[in-house]
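In what follows, a single structure is set out as structure tokens and then discussed.
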Amino acid sequence: MIALIPILPLVAAGATALMTRGRRGPAAALVIAAQAGATVLSLLAFLQTLGHGFQREFFNFPWLSLGAETLSLGLLLDPLSGGMVMMVSFVSLLIFIYSVGYMKEDPNFVRFFCFLSLFSAAMLGVVLSNSLLLTFICWELVGLASYLLIGFWFHKPSAAAAAKKAFITTRIGDMGFLLGMLWLYSASGTLLFYDGVHGCLEVGALEAMAAKTACMGLAVSNCIALLIFCGAAGKSGQFPLHVWLPDAMEGPTPVSALIHAATMVAAGVYLVARMFPLFAATGVVSASLSVVAWIGAFTALFAALIAVAQTDIKRILAYSTVSQLGFMMLALGVGSVTAAMVHLIAHAFFKALLFLGAGSVIHGIHGEQDIRNMGGLRKFLPVTFATYAIGMMALSGVPFFFSGFWSKDEILHVAHGWPVSQAPFLMAVAAAFLTAFYMTRQMCYVFGGSYRGHAHPHESPAVMTVPLGILAAAAVLMSIPATPAWPWFEGYHTGHAPTLNFSRLLEPGFLTIAGLSVVVVSLGIGLGYLLYRRVGEASDPVQNLLPGLYRALSSRFWVDEIYGATVVRWLAGLGALAGFIERRVLAGIVALVGAASLVASAVGNLFDKFWIDLGFDSLCGGLRDGGDLFSSWESGRVQGYLRFLGVGVVLILIMIGWLLS
């Protein structure tokens with residue numbers, strides 16, 4: 001039955017694609033109903049994974065036969081996919097409902113819902129796949145849907161450019177993913193994750209790949225894992241493939257919420273979590289996991305720094321997403337799938353809340369996105385303000401009633417225990433401080449002080465604010481199963497029944513990290529409030545204090561410019577060189593070959609005309625004359641034939657007489 005979870009929104013996308021623009025109501029109703037059905041089925045699947053002793057269920061089927069080789073696809077339900085599919089379908093459903101109000105006036109309303117449904121179907125396929133091949137198919141559909149949605153307002157050059165940038169950048173990572181998939185098939189003979197004892201993530205295949213050495217002394221398992229991580233880094237916006245994610249804000253705000261909370265960027269983290277046995281085939285301190293940990297920690301700090309100096313309300317949240325994804329990758333890199341998935345699910349709720357809240361702000365002030373032109377909106381948008389504040393506190397890690405505190409604290413805890421180095425832990429602590437700082441800055445700019453805009457602000461309709469309330473409640477309630485006192489997620493993923501024990505909150509290891517987290521968050525919020533409580537539109541306090549650093553941060557450390565001056569310019573140079581070779585060298589060779597062909601044809605023509613034709617014509621003339629001569633003998637006159645006969649008889653008689661004599 002889990003096959004219906006992605007099939008329902010996929011069928012809805014196909015049906016909506018056939019509708020005309022005027023069918024707005026039926027299109028929205030069909031897509032939301034299909035997504036609601038997928039959510040109900042996801043809930044049933046999730047409840048099944050809660051059963052005692054449940055580990056995994058899979059269903060494999062042959063897809064393509066090539067001689068003796070058969071490629072199989074499959075579906076998988078286990079605690080990892082069960083929790084993830086519930087989150088994706090539920091958050092997507094809330095975003096779909098919210099979109100009815102946000103996109104109400106858009107002339108391409110029907111097309112928008114078609115793309116949304118396709119996006120959801122593709123992501124649900126990634127989550128439920130039991131085959132890396134099926135994962136890759138759905139993975140590329142996610143990329144296609146993101147291209148269509150980021151560039152939905154394609155009449156804007158910036159939106160069209162952002163869609164192309166996202167598509168091309170993620171394809172770079174996907175090339176590594178594809179190579180890793182081919183290598184995995186060559187090394188294990190299958191792309192099924194689980195297949196009795198023959199899957200590529202089962203003990204036999206993992207031990208065989210870990211025992212073989214490839215380049216630079218790395219095990220084959222580590223090399224394949226690093227190639228697959230390229231695809232994950234591209235989708236989840238990890239450095240240096242993060243550049244597409246902030247520009248994805250050019251799409252409608254529900255798209256930003258869907259990409260940053262439930263679908264595209266979550267796919268990379270989920271892929272690494274799914275393939276974690278491969279990454280850890282040589283141990284939890286393997287080379288591939290170390291790369292994941294270092295890149296995750298650096299990305300968390302790097303993106304948090306950039307977010308400090310951004311002025312677009314959605315771009316701040318975009319860099320926040322990049323940073324939080326870095327936290328998740330750090331957790332995976334140091335060996336904790338549970339910590340990464342807890343933060344992924346908690347982040348999905350409060351980041352969807354923040355993006356939809358930002359959309360409510362933009363909707364309420366008629367399209368304005370610059371936070372310097374906002375201010376004082378808490379009075380005009382009370383529901384949006386209250387829910388946004390909850391999202392801000394969850395993201396910042398405010399203790400103790402917000403899920404972000406517990407999930408981020410768990411990541412800091414496992415990073416602190418990593419035996420390789422403490423540097424990633426320190427980078428994560430700095431990123432946590434900056435998160436609290438830039439979110440306080442944003443709250444002061446948007447909701448504090450007095451209104452600095454021009455349009456009259458108004459609260460969003462209930463179809464937009466009700467999903468905000470639900471997500472706000474989820475951001476708070478998620479803190480219950482995320483606390484160490486009741487480690488529900490850990491028990492859920494390991495198959496052990498969790499027990500409630502408040503004494504875990506008093507353990508020295510937890511108290512140290514939790515105390516540090518509280519201090520860091522308090523300092524971030526306190527410093528942010530101190531600097532920005534009376535902020536205006538004229539200048540930024542950080543800009544006044546540290547103009548050089550602020551310029552670097554606002555310019556995003558000039559990463560796009562560096563790419564433009566190096567990779568893009570090199571590729572443009574290669575393109576120009578290829579064009580020169582084509583026009584000057586290859587075209588010359590083609591022209592020379594063409595001229596030689598013309599000369600050869602002229603010579604052939606002369607040979608044909610003056611040698612072959614003349615000889616053939618002479619031969620034909622001789623045959624024709626001979627034929628005329630012989631034909632004259634065949635006149636049809638009996639008298640002539642009798643003369644020849646008489647002459648012949650006389651000659652024969654003369655010959656006989658001569659012979660007898």
Side-chain angles (χ1 to χ4, degrees), residues 24-25 28 94-109 112 152-153 155-156 158-159 249-258 260 310-318 320 350-393 395 438-472 528-529 531-541:
R24 301 163 69 91
L94 294 178
I95 293 172
F96 286 14
I97 296 171
Y98 175 96
S99 300
V100 174
Y102 191 88
M103 300 296 291
K104 182 179 179 181
E105 304 299 328
D106 196 284
N108 293 312
F109 181 93
F112 181 77
F152 182 76
W153 288 325
H155 56 275
K156 295 167 56 180
S158 58
M249 299 302 97
E250 292 292 338
T253 299
V255 174
S256 304
L258 199 60
H260 287 255
Q310 301 305 306
T311 56
D312 185 298
I313 186 173
K314 293 203 302 180
R315 195 173 291 272
I316 295 171
L317 297 177
S320 169
F350 58 70
K351 186 50 66 69
L353 169 61
L354 288 170
F355 266 108
L356 296 184
S360 180
V361 169
I362 295 168
H363 180 270
I365 54 177
H366 306 282
E368 180 61 63
Q369 294 186 202
D370 193 326
I371 60 174
R372 294 170 296 185
N373 298 327
M374 299 180 186
L377 295 180
R378 66 186 183 280
K379 297 177 293 186
F380 303 100
L381 290 75
V383 177
T384 300
F385 166 68
T387 54
Y388 202 91
I390 292 174
M392 172 266 176
M393 289 186 282
L395 174 58
Y438 66 68
M439 287 307 298
T440 304
R441 168 182 179 266
Q442 188 190 58
M443 289 294 293
C444 291
Y445 261 117
V446 177
F447 297 103
S450 57
Y451 182 57
R452 299 179 296 274
H454 305 289
H456 180 69
H458 61 86
E459 184 61 277
S460 299
V463 72
M464 297 172 64
T465 56
V466 169
L468 294 180
I470 295 173
L471 289 170
Y529 182 74
L531 291 177
Y532 291 97
R533 68 185 187 278
R534 294 189 179 92
V535 73
E537 60 181 336
S539 61
D540 189 289

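Please read all numbers here as calculations on a predicted model, not as lab measurements.
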Worksheet item: Does a side-chain heavy-atom distance below 4.5 Å link Leu356 with Met464?
Response: no
Worksheet item: Can you name the nearest heavy-atom pair linking Ala358 to Lys314, along with the distance?
Response: CB-CG, 4.4 Å
Discussion item. As an exercise, state the distance from CG of Leu468 to CG of Leu94, rounded to the nearest 0.5 Å.
Written reply: 9.5 Å
Fill in: Separation between CE of Met249 and CZ of Phe355, rounded to the nearest 0.5 Å
4.0 Å
Worksheet item: Is there side-chain contact between Ile362 and Tyr102, with at least one heavy-atom pair below 4.5 Å?
Response: yes
Worksheet item: Is there a side-chain contact between Phe385 and Glu459, using heavy atoms and a 4.5 Å cut-off?
Response: no
Worksheet item: Using a distance-only test with no angle check, is there a side-chain donor-acceptor pair under 3.5 angstrom linking Tyr532 and Thr440?
Response: no
Worksheet entry | More than 12 heavy atoms of other groups within 6.0 Å of His454 NE2 | no
Discussion item. Other residues, nucleotides and ligands only: do more than 12 of their heavy atoms fall within 6.0 Å of OH on Tyr451?
Written reply: yes
Practice prompt. With side-chain contact (heavy atoms from CB on, under 4.5 Å) as the test, would you mind laying out the steps for Phe152 and Asp106 before giving the verdict?
Written response: CA-CA 11 Å; Phe152 182 76; Asp106 196 284; 3.7 Å; yes
Worksheet item: Quick one: are Trp153 and Glu250 in side-chain contact, heavy atoms under 4.5 Å?
Response: no
Worksheet, complete the sentence: Correct closest heavy-atom pair for Phe447 and Val361 would be CZ-CG2, 4.0 Å
Item to complete: Applying side-chain contact (heavy atoms from CB on, under 4.5 Å), run through Leu354 and Tyr388 and close with a yes or a no.
Response: CA-CA 6 Å; Leu354 288 170; Tyr388 202 91; 3.8 Å; yes
Fill in: Nearest atoms (heavy-atom pairs only) where Ile365 meets Pro457
CG2-CB, 3.8 Å
Item to complete: Report yes if the distance between the aromatic ring centroids of His458 and His366 is under 6.0 Å, otherwise no.
Response: yes
Worksheet item: So, do Phe350 and Leu471 sit near enough that their side-chain heavy atoms are less than 4.5 Å apart?
Response: no
Worksheet item: Are Gln442 and Leu317 close enough that some pair of their side-chain heavy atoms sits under 4.5 Å apart?
Response: yes
Worksheet item: Is the NZ atom of Lys156 crowded by more than 12 outside heavy atoms at less than 6.0 Å?
Response: yes
Worksheet entry | Non-hydrogen side-chain atoms of His363 and Pro461 separated by less than 4.5 Å | yes
Item to complete: Kindly give the heavy-atom pair with the smallest separation between Leu381 and Ser360, and that separation in Å.
Response: CD2-O, 3.8 Å
Worksheet entry | Plane angle bin for His456 and Phe380 - parallel if under 30°, tilted between 30 and 60°, otherwise perpendicular | perpendicular
Worksheet item: Where the side chain of Arg452 meets the backbone of Ile371, is there a donor-acceptor pair that is under 3.5 Å apart?
Response: yes
Worksheet entry | Heavy-atom closest contact (Ser99 atom, Pro254 atom, distance) | OG-CB, 3.1 Å
Worksheet item: Which heavy atom in Met103 sits nearest to a heavy atom in Phe109, and how many Å separate them?
Response: O-CD1, 3.2 Å
Discussion item. For Val463 and Lys104: C-alpha separation, side-chain torsions, deciding distance, then whether side-chain contact (heavy atoms from CB on, under 4.5 Å) applies.
Written reply: CA-CA 11 Å; Val463 72; Lys104 182 179 179 181; over 6 Å; no
Worksheet item: Run the side-chain contact (heavy atoms from CB on, under 4.5 Å) check on Lys351 and Ser320 step by step: do they pass?
Response: CA-CA 9 Å; Lys351 186 50 66 69; Ser320 169; 3.2 Å; yes
Discussion item. Rounded to the nearest 0.5 Å, what separates atom CD1 in Ile316 from atom CE in Met439?
Written reply: 8.0 Å
Item to complete: Could you walk me through whether Asp540 and Arg372 pass the salt bridge (Lys or Arg N to Asp or Glu O under 4.0 Å) test, one step at a time?
Response: CA-CA 9 Å; Asp540 189 289; Arg372 294 170 296 185; over 6 Å; no
